[in-house]
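For ligands, and for the atoms within them, numbers begin at 1 and follow the listed sequence.
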Amino acid sequence: MNLVLMGPPGAGKGTQAKFIAEKAGIPHISTGDMLREEMASGSELGKRVKEIVNSGKLVDDSLMIEIVKERLSKDDVAGGFILDGFPRTLAQSEKLDELMDSIDKKIEYVLYVDVPEEVIVKRLSSRRVCPKCGKSYNMISNPPSDGDKCDDCGTAIVARADDNPETIRNRYRVYEDSTEPVIEYYRNRNVLFTVDGTLPVEKVNDMVLNMIGGE
Ligand code: AMP
């Protein structure tokens with residue numbers, strides 16, 4: 001099953017992606033996570049994208065397409081994959097189609113997690129992540145059980161550098177301008193499934209399972 005997750009930053013794409021990845025036994029490919037790993041490792045690529053990522057702007061299409069092309073050439077995607085955070089522009093979606101054609105595959109489902117802007121701003125302002133294992137928390141609705149320590153690995157959780165109010169607004173504008181047209185692109189191809197991302201996580205999980213034909 002080849003699946004794309006769409007929706008504004010903070011819609012819960014990562015949470016849903018992890019859920020589906022586990023259920024379906026396919027890899028979760030988050031381009032945001034891949035870029036943050038490069039930044040944390042201090043690689044050339046990481047240095048090149050750091051300023052752009054931290055300001056909430058988009059990394060250029062050709063670089064992102066290269067990164068995804070390379071990732072989709074790995075053996076572990078043979079049984080399917082979940083793309084989270086890509087494609088984010090029309091150019092990226094067209095290139096993804098070309099790439100899929102060239103390997104005789106297609107995107108079967110595009111799941112759009114719909115959440116309004118005001119909810120996004122509130123959610124992202126209280127989001128914290130574990131810098132070690134990547135687990136995500138919300139200090140209001142889903143805090144760790146021990147202060148600011150990750151439940152899974154005990155590391156002190158932090159706010160993402162791009163989760164400050166100004167950058168959050170920027171990211172939402174970028175989403176409206178560049179990424180919303182991608183949703184229309186998939187809607188016109190009849191592969192788009194919309195879920196209400198303001199519902200409780202478990203409810204969204206159920207709807208997602210239904211969509212992909214799970215139990
Ligand atoms: P995310 O974790 O998906 O919110 O991504 C964090 C940041 O990484 C974005 O704000 C962009 O700066 C960059 N990024 C991730 N995916 C893409 C993409 N497909 N195209 C351009 N930039 C991206």
Side-chain angles (χ1 to χ4, degrees), residues 2-18 20-21 27-41 43 45-72 81-100 107 110-115 117 119-131 133-138 157-183 185-186 197:
N2 305 320
L3 193 144
V4 167
L5 274 173
M6 302 285 309
K13 299 188 293 295
T15 306
Q16 293 306 321
K18 284 191 183 76
I20 304 167
H28 166 207
I29 302 175
S30 157
T31 48
D33 284 351
M34 289 165 82
L35 295 175
R36 280 183 292 276
E37 275 159 27
E38 293 290 342
M39 286 157 54
S41 77
S43 70
L45 173 61
K47 285 186 199 145
R48 204 169 135 197
V49 300
K50 190 168 187 171
E51 206 178 306
I52 304 171
V53 171
N54 284 346
S55 69
K57 296 194 188 110
L58 293 184
V59 173
D60 70 270
D61 287 336
S62 51
L63 180 56
M64 291 313 301
I65 289 157
E66 275 317 303
I67 292 174
V68 169
K69 195 172 173 183
E70 145 98 29
R71 181 64 187 87
L72 293 185
F81 57 81
I82 304 164
L83 271 177
D84 161 13
F86 184 98
R88 253 178 161 98
T89 65
L90 275 179
Q92 291 179 10
S93 46
E94 283 159 6
K95 285 286 177 197
L96 178 62
D97 276 348
E98 281 176 27
L99 175 61
M100 296 299 284
I107 298 295
V110 178
L111 176 64
Y112 168 38
V113 188
D114 187 14
V115 180
E117 180 174 5
V119 178
I120 291 298
V121 174
K122 274 199 202 117
R123 271 194 195 173
L124 292 184
S125 311
S126 48
R127 174 163 74 178
R128 300 290 182 275
V129 291
C130 172
C133 72
K135 194 174 166 92
S136 191
Y137 296 88
N138 184 290
I157 57 174
V158 295
R160 264 171 54 169
D162 58 352
D163 277 349
N164 64 76
E166 196 193 329
T167 311
I168 291 169
R169 293 274 177 201
N170 264 346
R171 287 160 66 204
Y172 197 84
R173 294 281 91 76
V174 169
Y175 166 75
E176 282 182 319
D177 294 345
S178 304
T179 310
E180 280 189 345
V182 179
I183 294 170
Y185 175 88
Y186 286 124

Below 4.0 angstrom from a heavy atom of [X], which ligand 1 atoms are there? Numbered from 1 as shown, please.
X: F86; value: 19 (N)
X: Q92; value: 18 (C), 19 (N), 20 (N), 21 (C)
X: M64; value: 16 (N), 17 (C), 18 (C), 19 (N), 20 (N), 21 (C)
X: G32; value: 1 (P), 2 (O), 5 (O), 15 (C)
X: T31; value: 15 (C), 16 (N), 17 (C), 19 (N)
X: L35; value: 8 (O), 13 (C), 14 (N), 15 (C)

Under 3.5 Å between some N or O of ligand 1 and some N or O of [X]?
X: G56; value: no
X: S30; value: no
X: D33; value: no
X: G85; value: yes

Students should be able to answer this: which protein heavy-atom is nearest to [atom], and at what distance?
atom: atom 11 (C) of ligand 1; result: K57 O, 3.4 Å
atom: atom 6 (C) of ligand 1; result: R36 NH1, 3.5 Å
atom: atom 7 (C) of ligand 1; result: V53 CG1, 3.8 Å

Salt bridge flag under 4.0 Å for residues [X] and [Y]:
X: E117; Y: R173; result: yes
X: R171; Y: D163; result: yes
X: K57; Y: E51; result: no

Would you name the heavy atoms of [X] and [Y] that are closest together and state the gap between them?
X: A159; Y: R128; answer: N-CD, 3.6 Å
X: K13; Y: L5; answer: O-CD1, 3.3 Å
X: G10; Y: L124; answer: CA-CD2, 3.4 Å
X: H28; Y: A21; answer: CB-CB, 4.0 Å

Original post:
Will you find, in the side chains of D162 and T167, an N or O donor that is under 3.5 Å from an N or O acceptor?
Top reply: no
Subject >> Shortest heavy-atom approach to atom 22 (N) of ligand 1 - which of D162, V59, T179 >> reply: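 Answer by nearest heavy atom: V59.
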Original post:
So which of R160, R88, R171 gets nearest to atom 3 (O) of ligand 1, if we judge by its closest heavy atom?
Top reply: R88
**OP:** Might you confirm whether atom NZ of K18 has over 12 heavy atoms from other residues, nucleotides or ligands at distances under 6.0 Å?
**Re:** yes
Original post:
Can you tell me how far CD of Q92 sits from CG of L90, rounded to the nearest 0.5 angstrom?
Top reply: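 Rounded to the nearest 0.5 Å, the CG-CD separation comes to 10.0 Å.
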**OP:** With heavy atoms only and a cut-off of under 4.0 Å, state how K13 meets ligand 1: side chain, backbone, both or neither.
**Re:**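 The answer is neither.
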